[in-house]
Amino acid sequence: MVATYFYTYVTVQIAIVEPVLRQAVRSNLYHLGCREISFTNDLSVLRERLDSAPCDLLMLQADIGSPRTAPAMVNAIRHGELASNPFLPVVAVTHNPTAEQVKALVDAGVDDILPYPWSESYVDARLENLIHNRKPFVVTSDYIGPDRRQKSRDEANAAMVKPFTVPNPLKAKALDRLSNATLEDQIRAMAQRVSIDKILRLAELCIRLAGEITALGAAGQQSSSVARNGLARLSDATRALIRRAGDSSYARACTNINTLHRTAQVMLQAIESGVEPELQLLERLALQAVHDFGVNPNLFHAPLTQDVIKKRISATKGA
């Protein structure tokens, strides 16, 4: 059965600077039936529109602004720091995308990347695929977006991070013809779930880092540079957790995380002063976090493999 799409109900925001590319996208969308199309070349205007006027699809030039501009905007959308919908379908377009460009966009959580020039039916096919086959999302300590993990990559950790289906405004409008109110309710409910998942992933990261730092010290593998690197990562992770969980149902648990953050900071200062920090102090705070957030207690006592030791040592080289 051939589906009928109602693109007239889809609101599209286009942020493309290059005239040829912008006209190609506009023509393709207009041919499909899209009429609610907004254009801007101004990044500040784009940010204002995404925050104040929800759209159903964002078409973004991959190399708009600096090389990091587009990935940073996609990452901010996915983490709820920009736009009212963290599940907004985002399609990047560009001439001859480089490997570095593709990796940055994928790591940020983009849905699709369209290389120009393309055939007449290419955009139609890619949007149809996004309607019917949009990848489920995953939430990790540093990523929210479509699940593109390889099966061979960290099977144990992958088992803890379950993919889930998120609201798809493009499908909701073009195929299901949902009302704005119904779609907004779906987005709001899913955003709350994602926020909790993000808090738990950050808590797990803090606990795992504290356990790793302690274990490296006990194994005699904790040089000052390795300790400094690990404590800096722990400091960053606890700060991110405090910022994310401060207004949530886990706000009370942040009292202990604040202490863990300050402890990591004090230990970093001790290392800078040539004093060996008492790394075992991290254990009590990490195990309290296990209790407060209700996560797997084995995270703190995860086996310290040779691969982990080599990775942490190599991370300090050249630093």
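Because the structure is a prediction, the values reported are computed rather than measured. In what follows, every heavy atom counts, from backbone to side chain, and hydrogens, waters and symmetry copies are set aside.
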Kindly compute the distance separating [atom1] ([X]) from [atom2] ([Y]), expressed to the nearest 0.5 Å.
{"X": "Ile213", "Y": "Glu283", "atom1": "CD1", "atom2": "CD", "answer": "13.0 Å"}
{"X": "Leu58", "Y": "Ile77", "atom1": "CG", "atom2": "CD1", "answer": "5.5 Å"}
{"X": "Tyr7", "Y": "Glu36", "atom1": "OH", "atom2": "CD", "answer": "16.0 Å"}
{"X": "Leu114", "Y": "Asp112", "atom1": "CG", "atom2": "CG", "answer": "5.0 Å"}
{"X": "Asn75", "Y": "Glu81", "atom1": "CG", "atom2": "CD", "answer": "6.5 Å"}
{"X": "Ile257", "Y": "Leu241", "atom1": "CD1", "atom2": "CG", "answer": "5.0 Å"}

Where the side chain of [X] meets the backbone of [Y], is there a donor-acceptor pair that is under 3.5 Å apart?
{"X": "Asn168", "Y": "Leu130", "value": "yes"}
{"X": "Asn256", "Y": "Leu285", "value": "yes"}
{"X": "Asp147", "Y": "Pro136", "value": "no"}
{"X": "Ser248", "Y": "Arg244", "value": "no"}
{"X": "His261", "Y": "Thr238", "value": "no"}
{"X": "Ser195", "Y": "Ala191", "value": "no"}
{"X": "Arg22", "Y": "Val17", "value": "yes"}
{"X": "Arg208", "Y": "Leu299", "value": "no"}
{"X": "Tyr5", "Y": "Thr8", "value": "no"}
{"X": "Asp111", "Y": "Val90", "value": "yes"}

Give me the atom names and distance for the closest heavy-atom approach of [X] to [Y].
{"X": "Pro86", "Y": "Ile187", "value": "CD-CG2, 4.4 Å"}
{"X": "Cys55", "Y": "Thr11", "value": "CB-O, 3.6 Å"}
{"X": "Leu60", "Y": "Val74", "value": "CD2-CG2, 4.1 Å"}
{"X": "Leu105", "Y": "Ala70", "value": "CD2-CB, 4.1 Å"}
{"X": "Pro97", "Y": "Pro115", "value": "CD-CB, 3.7 Å"}
{"X": "Ser141", "Y": "Lys198", "value": "O-NZ, 2.9 Å"}

Residue pair [X] / [Y], side-chain heavy-atom distance below 4.5 Å:
{"X": "Asp124", "Y": "Asn28", "answer": "no"}
{"X": "Arg26", "Y": "Phe39", "answer": "yes"}
{"X": "Val194", "Y": "Phe164", "answer": "yes"}
{"X": "Ile113", "Y": "Val91", "answer": "no"}
{"X": "Asp107", "Y": "Tyr143", "answer": "no"}
{"X": "Gln101", "Y": "Pro67", "answer": "no"}
{"X": "Phe137", "Y": "Pro146", "answer": "yes"}
{"X": "Thr40", "Y": "Gln13", "answer": "yes"}

message: For a side chain to side chain donor-acceptor pair (under 3.5 Å) check, start with the C-alpha distance between Tyr116 and Glu18, then their side-chain angles and the critical distance, and finish with the verdict.
response: CA-CA 12 Å; Tyr116 185 80; Glu18 187 178 341; over 6 Å; no
Qualifying residues under side-chain contact (heavy atoms from CB on, under 4.5 Å), relative to [X], sequence neighbours excluded:
{"X": "Asp236", "result": "Arg239"}
{"X": "Arg47", "result": "Leu43, Met73, Leu82"}
{"X": "Asn129", "result": "Arg126, Asn133"}
{"X": "Arg35", "result": "Tyr30"}

If hydrophobic clusters are built from ILVMFWY residues whose side chains come within less than 4.5 Å, do [X] and [Y] share one?
{"X": "Val93", "Y": "Leu170", "value": "yes"}
{"X": "Ile144", "Y": "Ile199", "value": "no"}
{"X": "Leu127", "Y": "Leu21", "value": "yes"}
{"X": "Met59", "Y": "Val45", "value": "no"}
{"X": "Leu200", "Y": "Ile207", "value": "yes"}

message: Under a 3.5 Å threshold, yes or no: a donor from one side chain and an acceptor from the other, between Gln288 and Asp292?
response: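 Side chains of Gln288 and Asp292: pair found under 3.5 Å.
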task: Under the side chain to side chain contact (heavy atoms under 4.5 Å, CB included) rule, what do Val139 and Val161 come out as? Steps first, then yes or no, please.
output: CA-CA 7 Å; Val139 178; Val161 181; 5.7 Å; no
message: Taking the basic N atoms (NZ, or NE/NH1/NH2) and the acidic carboxylate oxygens, is any pair closer than 4.0 Å for Glu204 and Arg201?
response: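 Yes, this pair counts.
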task: Mind telling me whether Phe293 and Tyr250 have parallel, tilted or perpendicular rings, with 30° and 60° as the class edges?
output: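 Aromatic pair Tyr250/Phe293 classed parallel.
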Distance-only criterion, 3.5 Å: show the donor-acceptor pairs between side-chain atoms of residues 272-282 and protein atoms not counting sequence neighbours.
{"unit_1": "Glu272", "atom_1": "OE2", "unit_2": "Arg228", "atom_2": "NE", "d": "2.8"}
{"unit_1": "Ser273", "atom_1": "OG", "unit_2": "Gln269", "atom_2": "O", "d": "3.0"}

task: May I ask you to check whether over 12 heavy atoms, not counting those of His95, lie within 6.0 Å of atom NE2?
output: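 Atom NE2 in His95 is crowded, with more than 12 foreign heavy atoms closer than 6.0 Å.
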- request: For His132, look at atom NE2 and say whether over 12 heavy atoms of other residues, nucleotides or ligands are found less than 6.0 Å away.
  value: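 It does: His132 NE2 has more than 12 such atoms within range.
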Sequence neighbours excluded, every pair satisfying salt bridge (charged side-chain N to carboxylate O under 4.0 Å, His left out) that has a member inside residues 165-177: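 Only Asp56-Lys173, Lys171-Asp176 qualify under salt bridge (charged side-chain N to carboxylate O under 4.0 Å, His left out).
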message: Between Tyr9 and Asn180, is the side chain to side chain contact (heavy atoms under 4.5 Å, CB included) condition met? List the steps.
response: CA-CA 10 Å; Tyr9 296 101; Asn180 287 331; over 6 Å; no
- prompt: So Leu260 and Leu234, side chain to side chain contact (heavy atoms under 4.5 Å, CB included) or not? Walk me through it.
  reply: CA-CA 9 Å; Leu260 181 58; Leu234 178 59; 4.2 Å; yes
Side chain to side chain contact (heavy atoms under 4.5 Å, CB included) between Leu175 and Phe6, intermediate numbers included: CA-CA 6 Å; Leu175 185 63; Phe6 300 89; over 6 Å; no
- request: Could you please spell out the steps behind the side chain to side chain donor-acceptor pair (under 3.5 Å) verdict for Thr182 and Gln186?
  value: CA-CA 6 Å; Thr182 299; Gln186 293 179 357; over 6 Å; no
message: The test is side chain to side chain donor-acceptor pair (under 3.5 Å); show your working for Gln265 and Ser235 and say whether it passes.
response: CA-CA 7 Å; Gln265 290 285 303; Ser235 177; 2.4 Å; yes
